[in-house]
Amino acid sequence: MTCREAVFSENVLDFLINNYPGEENVRQLYQPDCYLPLDNIQAIIYRETSVINSEAIERYGFNTIPNVYGLMSEEALEDSGVLRIRRQPYLDLYGQGVLIGFVDTGIDYTHEAFINADNTTRIVSIWDQTNESGDGSDSFPYGRVYERDEIDQALAADNPFEVVETRDENGHGTFLAGVAAGNEKRSEGFSGVAPLAELVIVKCKQAKQVYRDYYSIPSDVPAYQENDILTGIAHIMNVAQRERKPVIICIGLGSNMGSHEGGSYLSQFMERYTAVTGVAMIACAGNEGNARHHHLINRKEDTININVERSLDGFMAQLWWRSPGKLQLDFTSPSGESYTGIQVMIGERRTIRFSTENTVVELYFGQSQEISNEQVVSMRFISPKTGIWKIRTTADYEMPGFHIWLPIRQFLTEEVVFLEPNPDTTISSSGTGTYTITVSAYDVVEDSLYLQAGRGFTVTGKVKPEVVAPGVNLTGPYPRNRYGTMTGTGVAAAFSAGVGALFMQRYSRFFINGIMLREIFIRGAVQRGEPFPNTEWGYGIVDAYASITDN
């Protein structure tokens, strides 16, 4: 089996590993059918298997299972200081010489927002991971890469899509790219933040059905595996290195699964490369602030009440806790049937069957993807019936500070919520790395925080989000040369990616990296809320002009 076949096959499982022992040892240990290194630390392995179920997915431990991410978006230039920069002729900042990269739903490269006056493209490269007949990129042998010359040829053709076949069927990626770097369209009241920046686009492959089933994600909802997002980021950095240009990489995807402390493979990878000169990572805060999908366990004995509004096929919950100490669980169904005294033992799997509700709860006890004392109880509720499901936790000490999260709202077919939710610590897992720039959203017209915006801080108190940017009813491009509006923290992250390109252009002589760019954002932010910084506004609202003139 070739790697290209393995990537797309539904009979092949994908695993993420830390590649410390080297390729030879990894091959001996895992015997993969395909092995794709991301760098000299992390890698992806693919294993064909005759039986695909939760036990097979968990074969190599919880820390090898790729997470699945969803889309985070549903008169801003003046309020964020961008137009003020443009009115200063001595600055002349439009993002020239800077790349902005997106791993998302792709792009409509035929949209006027991405075409120069001479009918050439402003897109350097498009990697369509969904193309099963392509040869892939230099590093990852799947999908199809289209370079600038091919896109220009397509734009000159009578039917561009016969030359470059990739499309954005969803529109999310096109919109975000346009907000960051689209051409000005005065009749639509639109301009991208950095309209002279160039784009590197990755159309991310949809998650395999086996992982949709494992996480109970509906088949018609956009969902993307962590390993494909990682290869997309690596590809963007390879293009930037080839072009010898600085790059801002924007991730408008999010997940509620994970420790929310920067321990996922995606967070670790983004964190590692944000220290590289000329590379910065921007992530959205997510849209889970008011979703009622987070519960804080802050008592030695606590009862978690999960309300299932209507019966559904299933859902997952993850409870993250830290040793030293022990954790005991008791489960009670809506009819009162109970299973008690379940001791959490790392690496163990348990299956609980509730006969009255005809519901199965699969438990798997694992640990974090990083070297730490964070441990997880992964709970898969299969065919849960309507009512209140109770989980009683007993810890060894007072004020344990444990957390449990439900999936992001679009990954649930029916309303499933905690009856005692906590709106804080709801930043998307992709935005919890220390130096990844995490952006929340606010409404410029109402001068208020976006109601659904994820809130900080992280589990250990890292200030997230760093800043807040416009993200409510922003105008942007849609496929087929249309314009419309979109809302969400993904939009705010894209807006900030454009601002970051202006910063990169301004300070290019200093060879700045993502850590320095983060400080530039923070120093210029307009403070909002109390205390300072705070869980809703972070260090404040993005002010591009203040960031540039005060540094």
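We're numbering straight along the sequence, starting at 1.
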Selection residues 43-67 - residue pairs positive for salt bridge (Lys or Arg N to Asp or Glu O under 4.0 Å), sequence neighbours left out:
E58-R349
Do R380 and Y214 have side chains that get closer than 4.5 Å, going by heavy atoms?
yes
Compute whether any side-chain donor of one residue and acceptor of the other, for R272 and Q42, lie under 3.5 angstrom apart.
yes
Between the side chains of S137 and S139, is a donor N or O closer than 3.5 angstrom to an acceptor N or O?
no
Tell me, please, whether Y215 has R212 positioned over its six-membered ring: NZ or CZ under 6.0 Å from the ring centre and within 45 degrees of its axis?
no
Please say which of T426, V416, L412, I408 ends up in a side-chain contact (heavy atoms from CB on, under 4.5 Å) with H293.
L412
Should N513 and T277 be marked as a side chain to side chain donor-acceptor pair (under 3.5 Å) after you check the CA-CA gap, both sets of side-chain angles, and the distance that decides it?
CA-CA 4 Å; N513 59 20; T277 299; 5.3 Å; no
Between Y273 and D39, does the side chain to side chain donor-acceptor pair (under 3.5 Å) criterion hold? Intermediate values first, please.
CA-CA 11 Å; Y273 287 98; D39 54 19; 2.8 Å; yes
Ring pair (Phe, Tyr, Trp, His ring centres under 6.0 Å) with F15: which of Y46, F62, Y60?
Y60
Using 0.5 Å steps for rounding, measure from the CG atom of N63 to the CG atom of N18.
7.5 Å
Let's go through L266 and I233 carefully: what are the C-alpha distance in whole Å and the side-chain angles of both, what is the deciding distance for side chain to side chain contact (heavy atoms under 4.5 Å, CB included) to 0.1 Å, and is it a yes or a no?
CA-CA 9 Å; L266 178 59; I233 293 173; 3.7 Å; yes
Looking only at the aromatic ring of each residue, does the gap between the centers of F503 and F521 stay below 6.0 angstrom?
yes
Under a 3.5 Å threshold, yes or no: a donor from one side chain and an acceptor from the other, between T460 and E261?
yes
Tell me, with the steps shown, if L71 and L253 meet side chain to side chain contact (heavy atoms under 4.5 Å, CB included).
CA-CA 5 Å; L71 303 176; L253 310 172; 3.4 Å; yes
Under 3.5 Å, side chain of D104 to main-chain N/O of G106, donor-acceptor pair present?
no
About how many Å separate CG of D14 and NZ of K208, when rounded to the nearest 0.5 Å?
4.0 Å
CZ of F140: more than 12 outside heavy atoms within 6.0 angstrom?
yes
Which is it for D302 and H295 under the side chain to side chain donor-acceptor pair (under 3.5 Å) test, yes or no, and what are the steps along the way?
CA-CA 11 Å; D302 190 21; H295 176 90; 2.9 Å; yes
Using a 3.5 Å distance criterion without hydrogens, assess whether the side chain of S496 forms a donor-acceptor pair with backbone atoms of V499.
no
Is the backbone of I282 close enough, under 3.5 Å, to the side chain of T436 for a donor and an acceptor to pair up by distance?
no
Please step through side chain to side chain contact (heavy atoms under 4.5 Å, CB included) for the pair T458 and H260, ending with a clear verdict.
CA-CA 6 Å; T458 68; H260 292 246; 6.0 Å; no
State the CZ-OH distance between R353 and Y339, to the nearest 0.5 angstrom.
9.0 Å
Is it the case that over 12 heavy atoms from other parts of the model lie below 6.0 angstrom from the CG atom of N298?
yes
Heavy-atom neighbours of M1 CE exceed 12 at 6.0 Å
yes
Kindly compute the distance separating OH (Y211) from CG (N67), expressed to the nearest 0.5 Å.
11.5 Å
For a quick test of your reading: what N or O donor-acceptor pairs under 3.5 Å do the side chains of residues 393-402 make, sequence neighbours left out?
{"unit_1": "D396", "atom_1": "OD2", "unit_2": "K326", "atom_2": "N", "d": "3.0"}
{"unit_1": "Y397", "atom_1": "OH", "unit_2": "R322", "atom_2": "O", "d": "3.2"}

Which of parallel (below 30°), tilted (30 to 60°) and perpendicular (above 60°) describes W405 and H403?
parallel
With side chain to side chain contact (heavy atoms under 4.5 Å, CB included) as the criterion, how do S429 and N256 come out once you've worked through the C-alpha distance, each side chain's angles and the decisive distance to 0.1 Å?
CA-CA 6 Å; S429 291; N256 255 2; over 6 Å; no
Would Y224 and Q206 count as a side chain to side chain donor-acceptor pair (under 3.5 Å) if you check the C-alpha gap in whole Å, the side-chain angles of each, and the deciding distance to 0.1 Å?
CA-CA 5 Å; Y224 308 92; Q206 289 282 331; 3.2 Å; yes
Quick one: does V12's side chain get under 4.5 Å of T49's, heavy atoms only?
no
Do K205 and E132 meet the salt-bridge criterion of a basic N to acidic O distance under 4.0 Å?
no
Please answer whether the main-chain N or O of Y142 pairs with a side-chain N or O of W127 as donor and acceptor at a distance below 3.5 Å.
yes
To the nearest 0.5 angstrom, please state how far the CZ atom of R350 sits from the CE atom of M345.
10.5 Å
State whether the number of non-hydrogen atoms from other residues, nucleotides or ligands found under 6.0 Å of Q209 atom CD is greater than 12.
yes
With ring-ring contact (aromatic ring centres under 6.0 Å, His included) as the criterion, how do F315 and W389 come out once you've worked through the C-alpha distance, each side chain's angles and the decisive distance to 0.1 Å?
CA-CA 12 Å; F315 68 91; W389 292 81; 8.3 Å; no
Measure the CZ-CD distance between F365 and Q343 for me, rounded to the nearest 0.5 Å.
9.0 Å
